[in-house]
Chemist: 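Starting off with a structure, shown below.
In this text, all values refer to a predicted model and were calculated from it rather than measured experimentally. Every chain is numbered from 1, with letters handed out A, B, ... down the list of sequences. The figures here come from the full heavy-atom set of this structure, side chains too, leaving out hydrogens, waters and symmetry mates.
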Amino acid sequence: MKTYLLKRLISLIPTLLIVSIVVYLIIYLTPGDPAEVMLGDSATDEQVEALREEMGLNDSFVQRYFTWMGGVLQGDLGTSYFMKEDVTYSIVSHLGPTLSLAILAEIFAIVIGIPIGIFAARRRGTYVDQSFMGLSYIGVAIPSFLLALFLILIFSITLKWFPVAGYKELSEGLWEHLRYMILPALALGCMHIALTARMTRSSMLDVLNLNFIKTARAKGVKESIVIYRHTLRNALLPIITIIGQNFGILIAGAAVVETVFNIPGIGQLVVNSIERRDFPVIQGIILFVTFVYVVINLIVDLLYGVIDPRVKLDK
Amino acid sequence: MEAVVKSASDLSKRRTALKKEQRRLAYSKFIHNKQAVTGFIILAFIVALALLGPIFISLDPYEIHPEDRLQGPSGNYLFGTDNLGRDLLARVIFGAQISLFIGLAVAFFAGILGTIIGLYASYYKFLDNVLMRICEGIMAIPAILLAIALMAALGPSTENIIIALSIVYTPYVARVVRSSALVIREETYIEAMKAIGAKSFRIIWGHIAPNVVSPLIIQITSVFANAILIEATLSFLGAGVPAPTPSWGNILYDGKMVIFNTPWMVVFPGICIVLAILALNMFGDGLRDILDPHSNSKK
Amino acid sequence: GGSSDSSSEGDNTSEGTDTAVSTDGELHYASNVQPPTLDPLMSNAIVTREVASVIYESLVAFNENFEPVPMLAESVDVSEDGKTYTFNLRHGVMFHNGEEMKAEDVVASMERWKEKSSSARAVLTEPQFAEVDEYTVTMTLAEPTTLALGAIANTSHLAAIMPKEIVESAPEAGVEEFIGTGPFKFVEWKQDQYLHFTRFDEYAALDTPASGLSGKKEALVKDVYFDIVIDPSTQLSGLQTGEYDIAGGIIQDDLAQLEANPDLEYITPFDANYTLLFNRKEGAFQSKELRQAVAYALDLDALAAVAAVDNYEITPSQLPKLNAVWATDAGAEFHNQKDLEKAKQLVEQSGYNGETLNILTTRDYPQMYNEAVYVKEQLAKVGINVELLVYDWATALSEVRNSPQDWNIFTTSFPSTPSPVELLYYAESYFDGAETDTQKELLTKIKSAPTTEEAKMYWEELQTHSIEDVKLITTFAANKISAYTTDVKGYKYFEVPLFYNVSVSE
Amino acid sequence: MTTQLTLDHEPLLEVSGLKKHFPVKNEIGQKSAVVKAVDDVSFKLYEGKTLGLVGESGCGKSTTGRTILRLTEPTSGSALFKGKDIFQLKGDELRKARQDLQMVFQDPFSSLNPRKRIGEILEEPLVIHKLGTKAERTEKVMEILYKVGLNVDHYYRYPHEFSGGQRQRIVLARALILNPKIIVCDEPVSALDVSTQAQIVNLLRDLQEDLKLTYLFIAHDISVVRHISDQIGVMYLGNIVEYTDTDNIFAEPLHPYTQALLSAVPHPNPTMKRERIILKGEIPSPLNPPSGCVFHPRCPMATDICKQAVPVNKEARPGHFVRCHLY
Amino acid sequence: MSQQAILEVKDLKTSFHTERGSVTALHGINFQLKEGEILGIVGESGCGKSVTSQSILRLYDEKYLVDYEGEINFQGKNLLKLPMDKMQEIRGNDISMIFQDPLSSLNPVYTIGFQISESLMIHQKLSKKEATEKAIELLRLTGISAPEKRVKQYPHELSGGMRQRVMIAMALACKPKVLIADEPTTALDVTIQAQILDLILQLNKEYKMSVMFITHDLGVVAEVCTRVIVMYLGQIVEETDVETLFSKPLHPYTKGLMKSMPTLEGERSEKLHVIEGAVPSLNNIPKGCRFAERCPFADELCKEKPPELMTHNDNHKVRCWHYEKIEKGEVAYDNTINA
Ligand SMILES: Nc1ncnc2c1ncn2[C@@H]1O[C@H](COP(=O)(O)OP(=O)(O)OP(=O)(O)O)[C@@H](O)[C@H]1O
Ligand SMILES: Nc1ncnc2c1ncn2[C@@H]1O[C@H](COP(=O)(O)OP(=O)(O)OP(=O)(O)O)[C@@H](O)[C@H]1O
Ligand SMILES: [Mg+2]
Ligand SMILES: [Mg+2]
């Protein structure tokens, strides 16, 4: 187990290295100058130049990359040009809303998606199944920002059940927090509910076709136990995979939903930072989100070992 | 020998007959697949609208009518007008062209590049390590963030969206191609080709490639759908197709501002996006059933 | 609901009646932009002015007639030759860090100001600040000008007085602590969420009546939140639910809703002059005829309508109407002439070869973008081929500055300035490269004119020249819609939203 | 049918000391062990004759066959064919040699590319080796189709339109089209029904007679092997434990494993209930084979020496080789 | 042969609803399984052996996927009409089943101990501990060494032979009256197969358990079965005791099958007998006798009219129009079919 973990962690290094290079390259190529953005159109060229120098923008690509990477390796993601604060701090201070959003969306995906998937699998071919799957198609096809707009139109503007946008921290009360989070989480999670439902269904069907299900039935195991004990556990691997992947996507997808709902999470931070050319923040966030994504996948892999004894993690 | 030659002359006839039969079979298989047919019909409808719409309805998606801003649907403007008083129907139709074009182009480029990468990675171990690491790296960056960042770097233009999204989606195609190719590579007939003395190029392109076509097509429809979605998202965030070119995302971007007063600016292009993606997904899944060798075989 | 529809700021007041006013209240102001910085000298962004004015004050401030009157200075004495200004500082003015403001702080602050401020650059010739005693500071100029105090009173690049240590330790990227003398002090900046200010209890208020930015300032609420609410519709709905007390960025299209709601009111202060700037450094618009062709081709009324500006006025005046000192209709005969035929003719004369011209614009400001779309359509009618270069604002700024070969027209906007001299586009090195000899000469005359009346004469001449020569086209003067709930009493907008003397009833 | 192994004429292919060890990597990617899939195998193939290899699953039969065709590289050993060591050939020489050495695989379903028409499949070897013009190739394909009992009708069909038996014929045709000398048949009938199996076995024999083919016939079905082979090698865990003429083996199996194997084969004759030797235990893994004689843990006759010493290949009877301490 | 029938299948007809219409896999199967006997069912791949066995336990029971007709009587009850919960009481308790591929037939995520004890917990309501103890005992019975350790292992950690023994242990858990073994040794090596066959024979003797033994290997049939049913394309074509089947088969298909098998004894004849052609597909069933196309004795009658299963004697049934004449050598062997 330990060696496996070690090996997996080591194997993350090239991935993250490539990500860092890709991100850095992209940012290097990005036009627009943070110094200019900061100073506005009234600044003289000398002022801009002085600021550029101070920000280290005049160094070469390689120099800048290594300075940055050196910092990253020591856990220092750099300092935001605009907010003048540690990028790590910016990320942490913006993480709460995003995390809350992603977790809520994931919860929706799990508690709605999996039961629907199981239900549809058990009634495969029936109208119930077909209508659920039809719905799931629509769920997958609606971009989150569009759903967000529709949800706002219906629940906030027409029914006035939820606030149109904004964010309240958890410290201001759970309900208050949720009131602001439910619509965004739904908008964000809808696609994942649908994906989870579909994955659950097809994974369940795959397993239901396997021979050991016949064995279980031949033993006289009740159908409900066949489903929950024998099928679901085996069907769980791909479901967990998709849930894990979803989580990464959810965090990234929050960028869009956060913009629509004006939630001050890292999604919005990254969009804003791109607008302001706040390069350290952009780099930091992308690296961070990628890291989260990769780590979640690692956790999923570890879960495999727990669920399926065939997956040997230790040697 | 006589008999052989005679048969040879019959061969071409036989061939056409078989081809016809094959086409008929494929058609009947397709026509019996509800998903594929529904997806196809919707898609065909949207494509027809995009291509023929401008011919039959002579509307200008750019013409500004300051006096008719934000009109609701009416006889004059079937879908109403937008915040510049441009005809929403015309914009949605032209938006369809753009969105479909981008989706198609991305699917095409990512498809080709991904196939090449996937095939060679699956065949040569040393390439596999390098290429797949890079792909993994790119895939580890969430698609939407990568797309946004790339668009910021490349600058907004339709070509750049295509480039950016192709970069984003190539690894996904490559991965699918590679994983199917890895399976195919182990098939006995590949071994048989080696036993016969075939060179790698022939094996890769003549034998492995045709067999990854089904998963590839399915993946490509999904890339197609995703490209439309991400393009819309990018445009919605203001980082996509440069205005005033209408794209569905662009229209939504404008519509977001006025959602309280003029929800149809969101509703019409919104429905189009949903329909297009829905159709593509259904079509892709239908194809999956059709192309799946398991559904062919006796079982 | 309703509004006082005049664009004169003086009237933009909600009636200040004293009903159940709590002095411990919170005021939530929704802004659709987050300031790039709180250091007033680091940015000329309007939003930076807005927040900086909450914390900082300068030696002099404008009253509602745009006359600079003493603020942190007790009085200002001007020497005979108009070259020496003596600022007698008020005693007992405390910084938010608890220390008293002294001459050394003023000198340090003003020295930094003159480095960074575009106003200082435009108006003052070789200014020197010196401490005379603890409470006296002098400013000496190489050339006299009547505009000097106005430049110091300018809210853009506010000549904020800060403690000396802070000013002197400030890096290139701006001060790192936000300490001023205003009625509210800075508490916290939660990125992308809000800026929080709280009442500064040791604030030394003047006892002259409040007028414009001058006079008595009294913090009637305990806390002011400057909430970042990007989406205008969110602002409106937040206003409706009471989440925000004042919303700074309501759009025209939501006006109907606003008016239908009896609990909401709004004012329409001047926002900016939207402008088409021509690139005369390079490309086709070096030709005056072609620029004129553009001017004749546009129907500014239609343009403003599609640009979805909030509340606007079509005027040749390059300074806002409410700046009664400088606003003028001079050059109106060349403005908004709407003559397509003439335009076509001018295109022909110009020898325009049909090349594609680029309008550089951004979607970050929909008005500019919409404006650009309209211009493109309109110019097509007179045979000028136009493409839009749509960038985010950051790229656009960089392009406009660094790639003159890429763009021909730039859509931008200019906020009000105390005097025409301070209009950015009259600066020597402005990136449109449109400085003419006439312009130079007239600017000098305005600066050095002994009286404002005389200066205004020159200014009229300059504005006419600028319009006739089509240095730029001031497409419309936009007002913004700043809405508030009826719970808010005493809300005023003068250059910036004023959070003092405002009360919120629960 | 009885052919002495000690024939005076030269063998067509002489394999000696063939070893194939697969490295096994652990999770971290280090080599941790080797699978001795084939461990010292020697045999000879004579023109027009068939050598049968039997043995239970995983004992290394396929690996032996695949190594001879260089589908996997041998660890050591030599395979002399036409005076050259196949294992040393490279590039074009190897490609040339491949014309003479062909293979028929076990699974008729996966050994044909599902996306190619039969005509193309059969023509491809000719294209690869640049044999004949287009017309000649077509002719050759049709000829070979007839030979394996299919007809021109099938030229444009796809593999999935054929039954297992027919596919095996196509696979055979593909092997034959290059006029090979030796065909390695890796369980060519195991996947087929009894009635189809007979068809293919007959076809293989007919072709052998017609074309003077030499077969290395790999199977686990002993009755089929008996039917088709002239000599038989019995494999157990990477070794040939017994090797002789077919009739010898059935008349007098020497190795205890061969004895048990033969007795375990079910006889389709209910009246003849023979005494079966039921072996204890399972087939050990080649990853860590038992010490000494690899068969000793299951051997009913094992003695102490079997646990320690590896038996050598002995000619216990004339032309009858066995690897056992008993002899 | 006077034992009582413990299981009786009457006119069983099973059809599947597939995407391409309905497929009838079984066309009127009739047979009885007697107490204590081992009934072999042979036939080539796809002839319906597995469908028969799984129909008995209604393992395909999904209303919209499968149709059963006929009767399956077990202890006076028609299994096809039984409600599901009653059916579940019979499965694994009175009738158990083992399958061909022991790896895929075991749930990979549970220990074999759990999988064996599960049915004890269901049917005999044993506690977990009791059930595990019983499971260890059952494993020991099947000849697995160190069963205490094995119960904690997962299927993938065992070899093929051991897995099949686990399957058998599982099937035997509740001492069923009927054991259905669907090709239990096909995936195994001969030496291992011998072990398993031995075990089944031994259990059959000790427990007086009736066994339905499904295989396509006539050799295996000869070794273990007492009575045999030969199936062809969804029908029974011949039924008799094992000796008769091998000494005096009546159906041309059975005859062909016997002859086409290479054997270990006798001459290594030059050529094997061949049944030409291939089994037709279920979508394309011949109108008359299903074997007619491949039958060297077939005539017009065979091609037109399907024969019934005829009783040759008490102990021998055959589905052929001409079996008597063939016996007497009265029908000409049609050579053209072999051309
Ligand atoms: N590429 C490989 N890497 C590692 N081990 C291998 C490889 N190929 C085969 N082996 C191992 O070598 C041993 C012999 O395999 P081989 O396929 O030759 O057996 P076989 O006798 O053909 O068995 P079967 O009857 O099942 O086909 C097996 O244990 C197998 O697991
Ligand atoms: N679920 C199903 N849906 C449709 N057809 C089926 C299904 N199960 C079996 N069949 C068909 O029924 C026929 C009989 O299948 P069955 O599995 O009983 O054959 P078998 O005799 O057991 O063959 P094998 O020896 O290969 O196991 C086959 O043609 C098969 O295609
Ligand atoms: Mg093998
Ligand atoms: Mg079966």
Side-chain angles (χ1 to χ4, degrees), chain A residues 118-133 201 203-241 302-315, chain E residues 17 19 50 53-54 56-65 84-111 114-124 152-157 166-167 170-171 173-174 176 179-180 182:
Chain A
I118 295 174
F119 190 75
R122 291 188 65 176
R123 285 169 180 64
R124 65 176 167 287
T126 61
Y127 286 105
V128 186
D129 175 28
Q130 279 167 5
S131 20
F132 269 129
M133 288 307 108
R201 177 180 178 271
S203 177
M204 287 291 286
L205 286 182
D206 283 350
V207 176
L208 280 171
N209 280 331
L210 294 179
N211 288 338
F212 62 79
I213 297 301
K214 284 216 172 102
T215 309
R217 290 204 177 113
K219 268 196 281 193
V221 177
K222 274 205 214 100
E223 196 56 24
S224 58
I225 298 185
V226 169
I227 297 291
Y228 289 101
R229 187 187 286 164
H230 290 269
T231 316
L232 189 56
R233 174 123 181 233
N234 280 284
L236 228 43
L237 281 192
I239 301 174
I240 290 188
T241 312
L302 293 178
L303 271 181
Y304 278 16
V306 177
I307 292 172
D308 190 338
R310 281 170 301 180
V311 182
K312 273 216 201 102
L313 298 182
D314 44 354
K315 165 81 195 183
Chain E
H17 302 290
E19 282 157 34
S50 300
S53 61
Q54 294 183 24
I56 292 173
L57 281 184
R58 275 167 62 194
L59 292 182
Y60 297 112
D61 202 278
E62 275 151 284
K63 286 158 221 84
Y64 37 93
L65 285 182
M84 217 2 133
D85 53 334
K86 287 276 168 327
M87 192 70 217
Q88 276 157 358
E89 283 170 18
I90 289 178
R91 291 174 178 174
N93 195 18
D94 296 320
I95 307 177
S96 330
M97 193 154 177
I98 48 182
F99 297 93
Q100 167 175 4
D101 179 6
L103 178 57
S104 69
S105 303
L106 287 169
N107 194 328
V109 303
Y110 293 106
T111 61
F114 173 77
Q115 297 190 54
I116 298 172
S117 38
E118 192 178 21
S119 83
L120 290 165
M121 292 192 278
I122 295 170
H123 297 296
Q124 307 195 340
K152 295 195 196 94
Q153 289 187 308
Y154 290 94
H156 70 278
E157 296 169 324
V166 171
M167 287 294 293
M170 204 188 296
C174 302
L179 173 70
I180 302 174
D182 189 352

Chemist: Report yes if some heavy atom in the side chain of A:T215 is under 4.5 Å from a heavy atom in the side chain of E:N107; otherwise report no.
Modeler: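 A side-chain contact under 4.5 Å is absent here.
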
Chemist: Between atom CG of E:L57 and atom NZ of A:K214, what is the distance when rounded to the nearest 0.5 Å?
Modeler: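 Reported to 0.5 Å precision, the distance equals 11.5 Å.
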
Chemist: With respect to A:K219, which candidate in E:E118, E:Q88, E:Q115 satisfies the side-chain hydrogen bond (donor to acceptor under 3.5 Å, both in side chains) definition?
Modeler: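 It is E:E118; the other options fail the test.
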
Chemist: Let me know if A:I225 has heavy atoms under 4.5 Å from chain E in its side chain, its backbone, both or neither.
Modeler: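 Only the side chain of A:I225 comes within 4.5 Å of chain E.
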
Chemist: Can you tell me how far the CE atom of E:M97 sits from the CZ atom of A:R217, to the nearest 0.5 Å?
Modeler: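 Atom-to-atom, E:M97:CE and A:R217:CZ are 12.5 Å apart.
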
Chemist: Checking heavy atoms, do the side chain of E:L106, its backbone, both or neither come under 4.5 Å from chain A?
Modeler: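 For E:L106, the backbone is the part near chain A, not the side chain.
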
Chemist: Looking at E:M121, E:H123, E:E89, E:Q100, which one has more heavy-atom pairs under 4.5 Å with chain A than the rest?
Modeler: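 Option with the top pair count is E:H123.
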
Chemist: Highest number of heavy-atom pairs under 4.5 Å with chain E: which of A:V221, A:I213, A:V207?
Modeler: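 Heavy-atom pairs under 4.5 Å are most numerous for A:V221.
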
Chemist: Counting only non-hydrogen atoms closer than 4.5 Å, does E:M170 touch chain A with its backbone (N, CA, C, O), its side chain (CB onward), both, or neither?
Modeler: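 For E:M170, the side chain is the part near chain A, not the backbone.
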
Chemist: If I compare all heavy atoms of E:S105 with all of A:N211, which pair ends up nearest, and what's the gap?
Modeler: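 Here E:S105 and A:N211 meet closest at OG-CB, 3.7 Å.
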
Chemist: Just how far is it from atom CG of E:L103 to atom CZ of A:F212, taken to the nearest 0.5 Å?
Modeler: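 Going from the CG atom of E:L103 to the CZ atom of A:F212 covers 10.0 Å.
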
Chemist: So which part of E:I95 gets closer than 4.5 Å to some heavy atom of chain A, the side chain, the backbone, both or neither?
Modeler: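 Answer is backbone: N, CA, C or O of E:I95 sit under 4.5 Å from chain A.
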
Chemist: Give the minimum heavy-atom separation between A:R229 and E:Y110, together with the two atoms involved.
Modeler: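 Distance-wise, the nearest heavy atoms are O-OH, 2.7 Å.
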
Chemist: Would you name the heavy atoms of A:N234 and E:P108 that are closest together and state the gap between them?
Modeler: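 Nearest pair, atom of A:N234 first, then E:P108: OD1-CG, 3.2 Å.
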
